[in-house]
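Numbers here simply count residues along the sequence, with the first being 1.
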Amino acid sequence: MITAEDMAKVLENYDLKKIAIGTLGSHSSLNIFKGAKEEGFRTVCVCKEKDAIMYQKFPLADELIIVKDFTELLGEELQEKLRRLNVVLIPHGSFTAYLSTDQLQNKLNVPMFGNRELLHWEADRKQQEEWLHKAGLRLPATFKSPDEIDRLTIVKLPGAKGGKGYFLCNSPSAFYRKFTEMVARRLLTEEDIDKVHLQEYALGVNVYPSYFSSIIKNDVELLAMDRRYESAVDSIGKIPASQQLEIDVNPTYTVVGNFPIVLRESLLPEIMRMGDNVHKKARELAPPGIIGPFCLETVITDDLKIFTFEISARIVAGTNVGIGTSPYAYLRYGENVYMGRRIAMEIKEAIKVNRLNEIAV
Ligand code: AMP
Ligand code: AMP
């Protein structure tokens with residue numbers, strides 16, 4: 001396993017005056033690169049040929065390293081190149097989507113702005129729930145067996161891309177009836193019955209607050225908020241109910257974009273306490289806790305209860321709605337601060353006070 005000590009040794013050979021900020025060319029890379037450049041860093045983008053157009057049209061990457069596949073990031077040749085360029089990597093959703101957390105923990109010999117152990121906690125649904133529970137957050141109830149279902153429940157499959165095959169039910173009999181239907185329609189297989197995750201469905205609106213945990217300032221900042229634009233679930237309302245029944249639609253949740261949100265102000269204190277508590281618990285589970293951005297995926301019900309159903313212990317693409325500025329970043333920093341820039345500000349400050357080895361690990 002790669003340790004902070006290993007990365008400290010790598011950093012000893014870095015030229016601190018020439019630190020570059022690097023990431024994979026997708027997800028929130030433009031956000032990250034723009035912020036890095038505004039703070040005076042060089043930028044390095046590991047990118048697929050077909051996506052290079054993005055960095056020609058938005059010239060934010062000083063170095064473009066073309067790869068066939070993102071897994072090349074695990075190879076010694078590319079890593080040596082990145083180390084020679086004094087790169088600190090910023091992990092985002094494509095790191096966890098296309099590489100495993102084991103690979104990130106054991107094979108990525110380049111300093112990374114983020115707690116690798118927490119990415120591991122994040123990847124495991126059980127561990128994630130334990131973390132959020134211990135932080136005192138309200139989670140949707142889970143049921144061990146379909147026979148226990150006593151309220152509106154969402155049935156999830158592990159690793160389902162975009163919620164394919166998810167369905168809702170509100171009793172054991174409804175579960176078995178719908179499951180059989182899903183099997184008949186080949187959306188699920190008989191074997192899936194042992195793999196389903198049964199979670200109380202929190203009926204409400206989705207809110208995704210994004211925070212920045214500063215190890216250097218020892219504080220958690222609320223910086224952005226968004227919600228997702230998901231296909232096909234967000235388009236079902238365009239079809240009259242009678243026709244929905246006729247075509248027997250089953251909503252999936254493939255993210256296509258995001259909207260910014262400003263929250264009812266009286267909800268902010270709880271949202272802030274939740275962020276503080278999640279970091280505090282993370283510090284106990286995996287010191288020094290969350291390094292940099294994280295996001296809680298929540299549903300807020302009509303009695304204003306905030307249910308958290310997931311955490312991302314890294315930058316989420318929803319912060320892209322704040323590129324330039326978000327209201328919450330503005331309240332804290334004034335104009336022109338957003339998640340990508342906040343990351344670069346932290347790295348710059350850490351270099352200045354000689355603490356880079358605490359956050360590039
Ligand atoms: P991509 O590089 O676009 O394939 O995305 C990598 C991972 O991040 C996938 O798991 C996506 O579902 C997720 N993702 C990408 N963009 C967004 C977005 N705008 N909002 C939420 N999740 C996203
Ligand atoms: P997931 O695969 O867990 O990210 O869930 C996909 C989508 O389903 C989320 O983006 C939410 O919109 C919705 N969702 C998941 N779990 C719940 C829940 N317990 N209550 C309400 N909505 C949920």
Side-chain angles (χ1 to χ4, degrees), residues 1-14 16 19-24 26-27 32 44 46 65 67 69-135 158-159 212-216 278-295 310-316 343 346-347 350-351 354-361:
M1 197 171 78
I2 292 161
T3 63
E5 289 73 43
D6 298 329
M7 291 303 99
K9 284 202 192 97
V10 172
L11 286 175
E12 279 171 20
N13 294 320
Y14 270 25
L16 294 186
I19 294 289
I21 286 185
T23 197
L24 295 174
S26 64
H27 189 267
I32 292 165
V44 178
V46 175
I65 301 175
V67 293
D69 191 281
F70 284 150
T71 52
E72 284 180 44
L73 187 61
L74 303 169
E76 183 49 33
E77 196 183 332
L78 179 50
Q79 293 182 15
E80 174 57 28
K81 204 169 190 172
L82 294 174
R83 288 191 297 263
R84 257 190 280 119
L85 290 165
N86 302 293
V87 165
V88 173
L89 284 173
I90 315 297
H92 55 53
S94 300
F95 283 65
T96 42
Y98 306 118
L99 307 172
S100 72
T101 52
D102 271 337
Q103 289 169 329
L104 293 175
Q105 252 187 330
N106 298 317
K107 293 198 170 153
L108 189 57
N109 268 303
V110 180
M112 195 174 91
F113 180 68
N115 187 329
R116 297 180 199 229
E117 210 177 323
L118 288 177
L119 288 177
H120 220 60
W121 276 77
E122 176 200 302
D124 182 301
R125 212 191 287 267
K126 283 234 158 54
Q127 280 194 314
Q128 199 184 101
E129 279 181 8
E130 184 189 333
W131 173 9
L132 298 176
H133 257 304
K134 284 185 170 164
F212 186 90
S213 162
S214 169
I215 299 298
I216 303 299
V278 164
H279 172 59
K280 212 182 285 166
K281 191 44 68 181
R283 206 163 47 201
E284 288 168 26
L285 297 172
I290 304 172
I291 299 173
F294 66 102
C295 175
E310 225 169 295
I311 181 169
S312 297
R314 40 127 186 120
I315 185 170
V316 296
I343 292 169
E346 182 85 349
I347 292 175
I351 296 169
N354 207 14
R355 294 176 63 188
L356 187 61
N357 61 356
E358 290 176 45
I359 61 167
V361 291

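Across all their heavy atoms, R83 and V110 have their closest contact at CG-CG2, 4.3 Å. The two residues S94 and F70 come nearest to each other via the heavy atoms CB-CE1, 4.5 Å. For the pair L82 and Y14, the tightest heavy-atom approach, listed with the atom from each and the gap, is O-OH, 4.2 Å. Minimum interatomic distance between L85 and A20 (heavy atoms only, all atoms of both residues): O-CB, 3.5 Å. Contact between A360 and L11 at its shortest, heavy atoms only, is O-CD1, 3.7 Å. Annotation for L73 and L99: closest pair CD2-CD1, 4.0 Å, computed over non-hydrogen atoms.
Here the straight-line distance linking atom CG of L24 with atom NE2 of H92 works out to 5.0 Å at 0.5 Å rounding. Put simply, CD on Q103 and CD1 on I2 are 11.0 Å apart, with the number rounded to the nearest 0.5 Å. Atoms OG and CG, from S312 and L118 in turn, are 12.0 Å apart once rounded to the nearest 0.5 Å. Taking CD1 of I290 as the start and CZ of R283 as the end, the distance is 10.5 Å to the nearest 0.5 Å. Rounding to the nearest 0.5 Å gives a distance of 10.0 Å between CG of L104 and NE2 of H120. Atom CD1 of I19 sits about 5.0 Å away from atom CD1 of I351, to the nearest 0.5 Å.
Within the 4.5 Å cutoff, no side-chain heavy atoms of P293 are placed close to those of V316. F95 is listed as a side-chain neighbour of T23, based on a closest heavy-atom distance under 4.5 Å. Looking at heavy atoms from C-beta onward, M7 lies in side-chain contact with R116 at the 4.5 angstrom threshold.
Remark: E72 pairs with no residue by the salt bridge (charged side-chain N to carboxylate O under 4.0 Å, His left out) rule, at least two apart or across chains. With sequence neighbours left out, E310 forms a side-chain hydrogen bond (donor to acceptor under 3.5 Å, both in side chains) with no residue at all. Take H27 and apply the side-chain hydrogen bond (donor to acceptor under 3.5 Å, both in side chains) test, not counting sequence neighbours, and it matches no residue. Scanning for salt bridge (charged side-chain N to carboxylate O under 4.0 Å, His left out) contacts around K81 gives an empty result, with sequence neighbours left out. Under the side-chain hydrogen bond (donor to acceptor under 3.5 Å, both in side chains) criterion, T96 pairs with no residue, sequence neighbours left out. With sequence neighbours excluded, no residue forms a side-chain hydrogen bond (donor to acceptor under 3.5 Å, both in side chains) with N13.
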Begin from the C-alpha positions of N109 and V10 and carry the test side-chain contact (heavy atoms from CB on, under 4.5 Å) through to its verdict. CA-CA 8 Å; N109 268 303; V10 172; 5.6 Å; no
Run the numbers on I359 and I347 for side-chain contact (heavy atoms from CB on, under 4.5 Å), then give the verdict. CA-CA 8 Å; I359 61 167; I347 292 175; 4.2 Å; yes
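A donor-acceptor pair under 3.5 Å links the side-chain atoms of E122 to the main chain of A313, judged by distance alone. Remark: side-chain polar atoms of E346 are not paired, donor with acceptor, to backbone N or O of S214 under 3.5 angstrom. Not one N or O on the side chain of T101 forms a donor-acceptor pair closer than 3.5 Å with the backbone of L119. A donor-acceptor pair under 3.5 Å is absent between the side-chain atoms of E358 and the main chain of I216, judged by distance alone.
Within a 6.0 Å sphere centred on CD of E77, heavy atoms belonging to other residues, nucleotides or ligands number 12 at most.
For the pair E80 and R84, the salt-bridge criterion is met [side-chain N within less than 4.0 Å of a carboxylate O]. In summary, K281 and E130 do not engage in a salt bridge, as defined by a charged side-chain N under 4.0 Å from a carboxylate O.
Looking at D69 and T71, their side chains do bring a donor and an acceptor atom within 3.5 Å of each other.
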